[in-house]
Protein chains: 2
Amino acid sequence: MAAEKAIEVSAEIKDEVAAKTMTATAHLKIRQLILDNKWPPGYQATEQEVASMLGMSRTPVREALMRLQQDGLVSVVPRHGMRVLPISPSDMKEIYDILTSLESTAAELAAARHLTEEQLKGLERATADMDKALERDDLDRWAQADARFHEQLLELSGNKMLKSVVLNFIDRAHRVRMLTLKMRPKPVNSTRDHAELVNAIRAGDVEKAGTIHREHRRRAGRELLDLLERLGLNHL
Amino acid sequence: MAAEKAIEVSAEIKDEVAAKTMTATAHLKIRQLILDNKWPPGYQATEQEVASMLGMSRTPVREALMRLQQDGLVSVVPRHGMRVLPISPSDMKEIYDILTSLESTAAELAAARHLTEEQLKGLERATADMDKALERDDLDRWAQADARFHEQLLELSGNKMLKSVVLNFIDRAHRVRMLTLKMRPKPVNSTRDHAELVNAIRAGDVEKAGTIHREHRRRAGRELLDLLERLGLNHL
DNA sequence: GCATTCGATAATGAATACGTTAATGTATTG
DNA sequence: CAATACATTAACGTATTCATTATCGAATGC
């Protein structure tokens, strides 16, 4: 009875992830389905349905769903199965306040470490890629480079726990950011912000690195929230 | 064969938590055993052993252990069961950097909300209790009041996700803080800091609220790390 | 005596089985 | 006709079973 659902699981996703355990596989696949909007906000399915779709038993699916619930991507309510959580503007505000706080701390930590040019290389490259992508109006590539920049920065902060928390919140916001990517003003000054940030980090200017990134995130958050409000988008 | 372990599960803990599901029960009980240091850092047990101790099957225990792993309290390694994670000084630094960042953000958010006296009541009471406890040299009670203060502050920030992240990191650091509570200098200026913070929040002074709390946490973190280093405590 | 290989053991990851309980639809009653 | 009671069903939570595989120890060879 769970044979087909409104949204089918594409074959690629079904096989490409050759992970270790079924639980890990289930977690990865479901997460990807959600991030890619293949399972849109509000999408519901019972444990058994998900299990059938993924070709495994309920046990690992159940475990994966519990993890995803902790990750803030789904909610699991008895008798109704899992449900992909929609993101409201107020959720986005919460997320952006957290990201602003933690990422600027990451910038400060990175600046305090007096990194070598070698270590800064990754940030430089990502910045350059963002620039290039922007020139070509290739927003998808820009987003990729931007993501790389942020991940590098987190890595360079040296704080592993901070990194994993931030990556989780980036996941939560992913869908909304992708959906609005092409609606918001081109991120022209984003590149400049990033370049300035790299310089501050290179100079070991903790204060400045933190401030630049805080302002950068604040602005981005405000723009995004304004957009959501203007468009009346309430649950994404 | 799992009948008795070096460390027995006390009867109170075994029964007092009458939660809904076995999984939730297991999670709560194990968490409590770890926070109370009944299962000290490095403590190991197989799924089956834990299940026997808690009087349930492996299934809910397994689920609980996965959650606790995400919470950063245990690690689960195949064939060796769960292991209570020790906290190193470098872990403590990571945790304190995160707490400093997020809690000062919480203070800023609270200040920005222009709270009513009614809402500030909880903070006032907690501060007063800290004072009283300190006068009586009752550090346990002081710690309780301190915890209440921080939880109230998080609540007043209005950011639920931030609150839950912070509470998780407070959990991770709990053991170390309790162990060092009586070794570090009496938190005499802590009360003053908190009173000042409440005033800044009352006045709606975002900048000041953030700064005060940031400095407060930074100082506390430094003191704690210095202590750990002086005592050569490496895994708690 | 020490290292290595082989095999018994046990712990895990996953599937399955089972009892409980909430949701749904039907029948009954006012 | 509306509301309530009841029966049915299915989803879940947990226990149990099963296959796989790493680990530990003993036996063997050097």
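Keep in mind the model is a prediction, meaning the values are calculated, not measured. The sequence lines fix the lettering, A, B, ..., with proteins before strands; numbering per chain opens at 1.
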Separation of [Y] [atom2] from [X] [atom1] (nearest 0.5 Å):
| X | Y | atom1 | atom2 | value |
| --- | --- | --- | --- | --- |
| B:Leu102 | B:Met161 | CG | CE | 13.0 Å |
| A:Ile30 | A:Leu35 | CD1 | CG | 12.0 Å |
| B:Leu162 | A:Phe169 | CG | CZ | 7.5 Å |

Using whole Å, what does the distance between atom [atom2] of nucleotide [N] and atom [atom1] of [X] come to?
| X | N | atom1 | atom2 | value |
| --- | --- | --- | --- | --- |
| B:Leu54 | D:dA15 | CG | C1' | 15 Å |
| A:Glu63 | D:dT14 | CD | P | 13 Å |
| A:Gln48 | C:dA15 | CD | P | 11 Å |
| A:Leu65 | D:dG13 | CG | P | 11 Å |
| A:Arg62 | D:dA15 | CZ | C1' | 12 Å |
| B:Met22 | D:dT16 | CE | C1' | 14 Å |
| A:Met56 | C:dA14 | CE | C1' | 10 Å |
| B:Arg83 | C:dA11 | CZ | P | 18 Å |

Could you check whether [X] pairs with [Y] (Lys NZ or Arg NE/NH1/NH2 to Asp/Glu carboxylate O, under 4.0 Å)?
| X | Y | result |
| --- | --- | --- |
| B:Arg217 | B:Glu103 | yes |
| B:Arg125 | B:Asp129 | no |
| A:Asp91 | B:Lys160 | no |
| A:Asp71 | A:Arg31 | no |

### Query
For D:dT14, does OP1 or OP2 lie under 4.0 Å from any side-chain N or O of B:Thr59?
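No, because none of the side-chain N or O atoms of B:Thr59 sits under 4.0 Å from OP1 or OP2 of D:dT14.
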### 5' precedence on DNA chain C between A:Arg58 and A:Thr23 (nearest-nucleotide basis)
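Looking at DNA chain C, the more 5' nearest nucleotide goes with A:Thr23.
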### Between B:Glu108 and B:Ser104: side-chain donor-acceptor atoms closer than 3.5 Å
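Not at all, the side chains of B:Glu108 and B:Ser104 share no donor-acceptor pair under 3.5 Å.
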### Query
Side-chain donor-acceptor pair under 3.5 Å between A:Gln48 and A:Ser52, yes or no?
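Yes, because at least one side-chain N or O of A:Gln48 sits under 3.5 Å from a partner of the opposite role on A:Ser52.
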### Query
Out of D:dA15, D:dC12, C:dA15, which nucleotide sits closest to the side chain of A:Thr46?
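Taking heavy atoms from C-beta onward, the closest nucleotide is D:dC12.
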### Message
Quick check for you: among D:dT14, D:dA11, C:dA15, whose closest atom lies nearest to any side-chain atom of A:Ser57?
### Response
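When the side chain of A:Ser57 is considered, C:dA15 is the closest of D:dT14, D:dA11, C:dA15.
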### Query
Can you list, by residue number, the residues of residues 66-82 of chain A that have a non-hydrogen atom closer than 4.0 angstrom to DNA chain C?
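Within residues 66-82 of chain A, the residues near DNA chain C are A:Arg79, A:His80.
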### Contiguous Watson-Crick or G-U pair runs (3 or more, under 3.5 Å) in DNA chain D
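Consecutive-pair runs (3 or more) involving DNA chain D: C:1-30 with D:1-30.
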